[in-house]
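In what follows, a structure is listed as structure tokens, so that the remarks can point back to it.
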Amino acid sequence: MATVLLTGGAGYIGSHTAAELLEAGYDVVVADNYSNSSPEGIRRVEQITGKKVKLYEADVRDAARMAEIFRENSIDAVIHFAGLKAVGESVQKPLMYYRNNIDTTLTLLEVMAQFGVKNVIFSSSATVYGAENPIPYSETMPRGTCSNPYGWTKAMMEQIFEDAAKADPALSVVLLRYFNPIGAHSSGMIGEDPCGIPNNLMPFITQVAVGKRDHLTIFGNDYPTPDGTCRRDYIHVTDLAAGHVKATDYVLKHKGVEIFNLGTGTPYSVSEIVEAFERVNGIRIPFEFGPRRSGDLPESYANADKAAQLLGWKAVRSLDDMCRDSWNWQKQNPNGYRTE
Ligand code: NAD
Ligand code: UFG
């Protein structure tokens with residue numbers, strides 16, 4: 001079976017993808033600098049699957065270190081998760097975001113070329129559709145105007161992959177545009193472990209549930225949506241991980257560039273998420289309505305048809321599954337992977 005290198009594989013989506021790839025029979029190598037993760041996530045993936053992962057502490061910007069990894073392993077495909085992802089921080093520290101995200105991508109593509117590795121999958125985001133495109137978003141729409149540097153790094157990296165593939169017809173590139181991944185592995189052993197105050201909705205809700213924060217602020221209730229709160233396409237991280245297995249099968253068999261939305265196609269509002277979490281887990285989440293958060297769009301959701309047609313992949317887990325599994329992870333690991 002083929003060997004897949006996951007850059008940033010110790011993180012939230014990478015660790016879940018490692019578990020699904022191992023279960024599907026792939027061998028997995030991980031390179032991560034632990035800037036937003038720890039080796040513990042991958043140790044737990046090994047416990048869950050009963051299989052070994054070859055784990056390297058490595059900065060993807062370090063070409064010599066990456067070359068060692070490619071020399072020591074016969075890599076068939078790479079999934080490039082490594083990157084900084086906090087939208088607000090990217091507004092404060094744009095150069096750090098451009099430096100890290102663009103450099104990792106350029107270095108990775110150069111080292112892949114050096115070792116003749118031709119298959120790569122990239123973690124892009126629905127944010128590249130920007131404010132101009134109508135919902136639901138389809139892959140045929142042009143990239144739009146992003147509202148923050150993080151989003152621009154994703155748009156720029158998509159362009160870099162497209163140009164690299166144009167110059168090298170042997171290259172096979174899959175750009176995956178994720179919508180809003182939430183949830184955790186059904187075992188509760190791996191999940192999202194944000195540093196400090198969570199920026200994203202579900203980790204904030206679970207920290208309220210576990211007693212770390214006293215209430216949730218819902219950012220805006222005057223949007224042009226049915227209940228006035230923003231609507232998003234939340235997708236269970238295990239479904240997202242399964243999408244990566246299908247994308248790996250695909251990238252090994254095709255050439256050129258293909259873009260896929262990974263979403264469910266069904267939007268839920270912030271208020272609906274809070275209600276579902278409370279109902280499924282029997283926990284009250286105190287909240288108040290606050291002002292809108294700058295850069296938020298009223299609605300974002302996928303047309304998920306292309307992934308169904310070409311990859312044979314569909315999200316199968318429900319919002320209730322997402323709420324139950326997010327809470328199961330948080331309550332078993334109140335401090336994430338830290339033991340204190
Ligand atoms: P994460 O922070 O948990 O994972 C990213 C991993 O990359 C971390 O383990 C981090 O330590 C590592 N990393 C960062 N810079 C690195 C470098 N220079 N060298 C080596 N490792 C490095 O985030 P995630 O949620 O798992 O996201 C994975 C990818 O998916 C990211 O590229 C992110 O931008 C993208 N994405 C995430 C979401 C989301 O909502 N979680 C949505 C769209 C796209
Ligand atoms: N929200 C709250 N209160 C909170 C946190 C979030 O009301 O404490 C709301 C937001 O305003 C938004 C919704 O919950 O309406 C979802 O917010 P998230 O921060 O969880 O997710 P976003 O849709 O803003 O961001 C996600 C990814 C980004 C990506 C972006 C655009 O996290 O990586 O989608 O595609 F850039």
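First listed ligand is number 1; within each ligand, the first listed atom is number 1. This one's a predicted model, so the numbers in the text were calculated from it and none came from an experiment. For the numbers below, each heavy atom of this structure counts, side chains included, while hydrogens, waters and symmetry mates do not. We're numbering straight along the sequence, starting at 1.
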N/O separation below 3.5 Å, [X] to ligand 1:
| X | result |
| --- | --- |
| F179 | no |
| T104 | no |
| H80 | no |
| F81 | yes |
| D59 | yes |
| Y150 | yes |

Between [X] and [Y], what is the ring plane arrangement, given parallel below 30°, perpendicular above 60°, and tilted in between?
| X | Y | value |
| --- | --- | --- |
| F277 | W327 | perpendicular |
| Y150 | Y97 | perpendicular |
| H254 | Y250 | parallel |

What residue and heavy atom of the protein are closest to [atom], and at what distance?
| atom | answer |
| --- | --- |
| atom 32 (O) of ligand 2 | N200 ND2, 3.0 Å |
| atom 16 (C) of ligand 2 | Y234 OH, 3.4 Å |
| atom 9 (C) of ligand 2 | V270 CG2, 3.8 Å |
| atom 20 (O) of ligand 2 | L201 N, 2.9 Å |
| atom 21 (O) of ligand 2 | N180 ND2, 3.1 Å |
| atom 37 (C) of ligand 1 | I13 CD1, 3.8 Å |
| atom 11 (O) of ligand 2 | D296 OD2, 2.6 Å |
| atom 3 (N) of ligand 2 | T217 O, 2.8 Å |
| atom 17 (O) of ligand 2 | R293 NH2, 3.4 Å |

Does any N or O atom in [X] lie less than 3.5 angstrom from one in ligand 2, N or O only?
| X | result |
| --- | --- |
| C230 | no |
| F219 | yes |
| T127 | yes |

[X] touching ligand 1 at heavy-atom level, < 4.0 angstrom:
| X | answer |
| --- | --- |
| N180 | no |
| S124 | yes |
| G41 | no |

Heavy-atom side-chain contact between D59 and R65 under 4.5 Å: no
Contact check, side chains of R213 and I197, non-hydrogen atoms, under 4.5 Å: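 A side-chain contact exists here, since the closest heavy-atom pair is under 4.5 Å.
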For ligand 1, which atoms sit closer than 4.0 Å to a heavy atom of [X]?
| X | value |
| --- | --- |
| P181 | 39 (C), 40 (O), 41 (N) |
| R61 | 18 (N) |
| S37 | 8 (C), 9 (O), 11 (O) |

Answer yes or no for [X]: is there a heavy-atom contact with ligand 2 below 4.0 Å?
| X | result |
| --- | --- |
| F287 | no |
| F179 | no |
| S125 | yes |

Side chain, backbone, both or neither: Y178 near ligand 2, heavy atoms under 4.0 Å: neither
Pair Y26 and H244, ring centroids less than 6.0 Å apart: no
Nearest heavy atom to [atom] wins, so pick from [options].
| atom | options | value |
| --- | --- | --- |
| atom 11 (O) of ligand 1 | N100, N200, D32 | D32 |
| atom 23 (O) of ligand 1 | R177, K154, K85 | K85 |
| atom 36 (N) of ligand 1 | F122, Y97, Y178 | Y178 |

Sub-4.0 Å atoms of ligand 2 with respect to non-hydrogen atoms of A126: 35 (O)
S38 side chain to Y34 backbone, donor-acceptor under 3.5 Å: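 No; judged by distance alone, with no hydrogens or angles, the pair does not exist.
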Test applied, side-chain hydrogen bond (donor to acceptor under 3.5 Å, both in side chains); reference residue, S124; option that passes from R143, K154, R177, E158: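 Exactly one pass, corresponding to E158.
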Check: K253/N119 side-chain N/O donor and acceptor closer than 3.5 Å: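 There is no such pair (donor and acceptor under 3.5 Å, judged by atom type) between the side chains of K253 and N119.
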T229 and N221: side chain donor to acceptor below 3.5 Å: no
